[in-house]
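Reading through the structure tokens given below for one structure.
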There are 2 protein chains.
Amino acid sequence: MAQAIRFRQAPSPLKASCQECSLSNLCLPLAIQDNDLDSLEDIVQQGRMYNRGEHIFDQSTPSRSCFAVKSGSVKTSIITEGGEEQVTGFFMPGELVGLDSMSGESYACTAKALERTSVCEFPIDKLEELTGKLPDLQHHMYRLMSQEIQNSHQLAMLLSKNTAEERIAALLLSLSSRFQRRRMSPTNFSLPMARNDIANFLGLAVETVSRVFTRFQNQGIIRARGREVELLDVEALQLVTREFSRQNCQQ
Amino acid sequence: MAQAIRFRQAPSPLKASCQECSLSNLCLPLAIQDNDLDSLEDIVQQGRMYNRGEHIFDQSTPSRSCFAVKSGSVKTSIITEGGEEQVTGFFMPGELVGLDSMSGESYACTAKALERTSVCEFPIDKLEELTGKLPDLQHHMYRLMSQEIQNSHQLAMLLSKNTAEERIAALLLSLSSRFQRRRMSPTNFSLPMARNDIANFLGLAVETVSRVFTRFQNQGIIRARGREVELLDVEALQLVTREFSRQNCQQ
DNA sequence: GTGAACGTTTGACTTGCATCAATTTGGACG
DNA sequence: CGTCCAAATTGATGCAAGTCAAACGTTCAC
């Protein structure tokens with residue numbers, strides 16, 4: 001299907017076709033008028049495919065681009081001097097990776113493909129130049145970065161105030177709504193990341209993640225077999241994430 | 001001193017003079033050419049003074065501006081549905097508050113003056129318009145927002161991986177370097193925030209914060225009397241923050 | 001197919017920090 | 001100057017989640 005389109009349009013291999021992309025309503029094109037799409041297509045580069053585990057960019061190397069996930073999924077993480085890893089985010093198709101590295105010098109994190117993944121690449125300097133000309137695009141960039149800050153604050157909140165169960169419920173619900181945005185099942189999906197990554201992201205031990213999954217399963221809230229997950233009772237999950245906010249409401 | 005300048009220049013009361021501001025090398029003006037300073041001054045409004053505890057803006061109200069701290073200090077926090085508060089940041093003179101609310105709709109957090117505080121106000125729509133015209137300013141905005149994301153990731157990291165001592169040492173060092181940037185003593189300053197705010201920010205109980213302060217004091221690393229703090233052994237503090245990254249280095 | 005390497009799960013034990021409770025300090029104000 | 005209330009400290013106790021250890025599943029190379 002994607003191939004059929006490629007043959008019909010026959011674009012240069014390095015140039016992406018935002019017009020034809022099924023993610024255009026989630027990605028940068030959503031911000032701009034159809035007749036400005038050309039200028040976005042002028043700067044975007046069709047990135048290559050990455051296999052599971054391959055790095056898209058590395059922390060501390062010169063930052064040149066940010067990336068939109070086209071298919072597959074990506075995790076970002078920062079590494080401390082001591083070699084500790086902290087997962088800072090998971091990115092799914094339509095989402096933009098590398099907004100924390102727009103300061104121009106070097107990448108603030110490492111981005112790694114969690115599965116076979118393709119991306120579109122936006123060179124930062126050209127993107128900046130273009131946003132100077134297209135106010136709507138600029139507005140959208142501010143919006144995305146703003147949102148990234150908010151997400152990160154939410155994460156900080158989750159990490160500092162919530163129990164293991166609350167954190168995991170929140171992650172499952174976040175993934176669910178992101179699958180839904182892409183018109184996929186919000187209750188039946190396969191986790192792109194390993195338990196280890198979940199644990200790291202949520203500031204937990206792997207063992208704890210595993211235990212919570214089985215606890216949820218025993219309560220009939222989810223069904224999990226490896227990375228395949230089914231949310232059986234979304235309301236119960238939502239209840240878990242909010243529970244902590246009420247004062248000691250027993251039972 | 002500030003008054004003398006105000007009388008000499010006699011600007012309109014609502015217009016700030018970035019030219020004369022002692023923070024211009026920390027704040028937005030640092031990004032732009034002298035001859036473009038006028039256009040920045042055209043949009044900036046001299047905000048009023050806020051007393052301790054006053055709100056500069058409130059979460060969920062329509063967001064119109066972001067603010068540069070001129071004097072005093074500000075804390076930002078988000079409130080959950082359940083009424084829980086999570087402190088998301090502390091802002092000192094020269095720093096920009098509200099970058100997480102550039103999405104345009106409404107403020108993502110509440111900003112509160114920690115002491116008697118004055119700010120400069122930048123209306124978001126005018127700022128966006130201006131950044132479209134001044135590439136250097138736009139670049140700087142991206143840079144600031146990018147950095148805000150990085151800070152927030154660092155915080156998440158601190159919250160998920162570090163002990164109480166490590167978190168507090170990191171905060172003290174962060175404050176120290178921010179005082180130094182303003183050419184104030186990096187070892188002898190007074191905390192703008194209460195223990196409670198520190199605890200909330202770092203995801204700890206107040207009691208734990210208090211205990212760590214006394215422990216540090218007994219070890220001769222700091223001297224603290226109320227909000228007055230003296231860092232007696234900066235290297236020891238740096239050691240504390242890094243300690244966790246080495247594998248079980250006993251002692 | 002077989003083994004090696006890795007990811008996941010489960011159990012037993014330990015611990016850092018929260019929680020509860022009580023006291024002390026300090027600032028605001030009549 | 002004493003009163004009042006909020007902030008800070010200190011001590012005693014309990015628990016959620018980390019750590020250690022071992023078994024089990026899955027993937028992949030050869």
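Numbers restart at 1 for each chain; the letters A, B, ... are given by sequence-line order, proteins then strands.
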Next on the checklist: Under 4.0 Å, heavy atom to any atom of DNA chain C: which of residues 204-222 of chain A qualify?
Outcome noted: A:Glu207, A:Ser210, A:Arg211, A:Thr214
Checklist entry - Is the closest side-chain donor-acceptor distance between B:Ser101 and B:Ser63 under 3.5 Å? => result no
Item to check | B:Glu228 CD - C:dG26 C1' separation (whole Å) | outcome: 14 Å
Checklist entry - Can you name the residues that form a salt bridge (charged side-chain N to carboxylate O under 4.0 Å, His left out) with A:Arg215, not counting sequence neighbours? => result A:Glu165
Checklist entry - Can you name the salt bridge (charged side-chain N to carboxylate O under 4.0 Å, His left out) partners of A:Glu148, sequence neighbours left out? => result none
Next on the checklist: Under a 3.5 Å cutoff, is there a donor and acceptor pairing between the side chains of A:Arg167 and A:Asn162?
Outcome noted: no
Item to check | Nucleic acid contacts - residues 189-196 of chain B versus DNA chain D, non-hydrogen atoms under 4.0 Å | outcome: B:Ala194, B:Arg195, B:Asn196
Would you tabulate the pairs of protein nitrogen or oxygen atoms and nucleotide nitrogen or oxygen atoms of nucleotides 24-30 of chain D closer than 3.5 angstrom?
none

Item to check | Distance-only polar pair, side chains of B:Ser77 and B:Gln86, donor-acceptor under 3.5 Å | outcome: no
Next on the checklist: What's the angle between the local helix axes at either end of the helix from C:dG1-D:dC30 to C:dG30-D:dC1, using five pairs per end and rounding to 10 degrees?
Outcome noted: 50°
Would you mind writing out the side-chain donor-acceptor pairs for residues 172-182 of chain A within the sub-3.5 Å range, not counting sequence neighbours?
unit_1: A:Ser174; atom_1: OG; unit_2: A:Arg178; atom_2: NH1; d: 3.3
unit_1: A:Ser176; atom_1: OG; unit_2: A:Pro186; atom_2: O; d: 2.7
unit_1: A:Ser177; atom_1: OG; unit_2: A:Ser174; atom_2: O; d: 3.1
unit_1: A:Arg178; atom_1: NE; unit_2: A:Glu95; atom_2: OE2; d: 3.0
unit_1: A:Arg178; atom_1: NH2; unit_2: A:Phe90; atom_2: O; d: 2.5
unit_1: A:Arg178; atom_1: NH2; unit_2: A:Glu95; atom_2: OE1; d: 3.0

Item to check | Counterpart residues, side chain to side chain donor-acceptor pair (under 3.5 Å), relative to B:Ser185 (two or more places apart) | outcome: B:Thr187
Checklist outcome for this item: For residues 53-62 of chain A, the salt bridge (Lys or Arg N to Asp or Glu O under 4.0 Å) pairs (sequence neighbours left out) are A:Arg48-A:Glu54
Next on the checklist: Under a plain distance cut-off of 3.5 Å, with no hydrogens placed, do A:Ser118 and A:Ser71 share a side-chain donor-acceptor pair?
Outcome noted: yes
Give the table of side-chain donor-acceptor pairs shorter than 3.5 Å for residues 190-206 of chain A, with sequence neighbours excluded, one pair per line with atom names and distance.
unit_1: A:Arg195; atom_1: NH1; unit_2: A:Gly226; atom_2: O; d: 3.4
unit_1: A:Arg195; atom_1: NH2; unit_2: A:Gly226; atom_2: O; d: 2.7
unit_1: A:Asp197; atom_1: OD1; unit_2: A:Lys75; atom_2: NZ; d: 2.9
unit_1: A:Asn200; atom_1: OD1; unit_2: A:Val87; atom_2: N; d: 2.8
unit_1: A:Asn200; atom_1: OD1; unit_2: B:Lys161; atom_2: NZ; d: 3.3
unit_1: A:Asn200; atom_1: ND2; unit_2: A:Glu85; atom_2: O; d: 3.0

Item to check | Contacts of B:Glu115 that satisfy salt bridge (charged side-chain N to carboxylate O under 4.0 Å, His left out) - sequence neighbours left out | outcome: none
Next on the checklist: In whole Å, I'd like the distance from the CG atom of A:Asn200 to the C1' atom of D:dG18.
Outcome noted: 14 Å
Item to check | Non-neighbouring partners of B:Arg52 that pass salt bridge (charged side-chain N to carboxylate O under 4.0 Å, His left out), sequence neighbours left out | outcome: none
Checklist outcome for this item: To the nearest angstrom, the CZ-P distance between A:Arg167 and D:dA16 comes to 13 Å
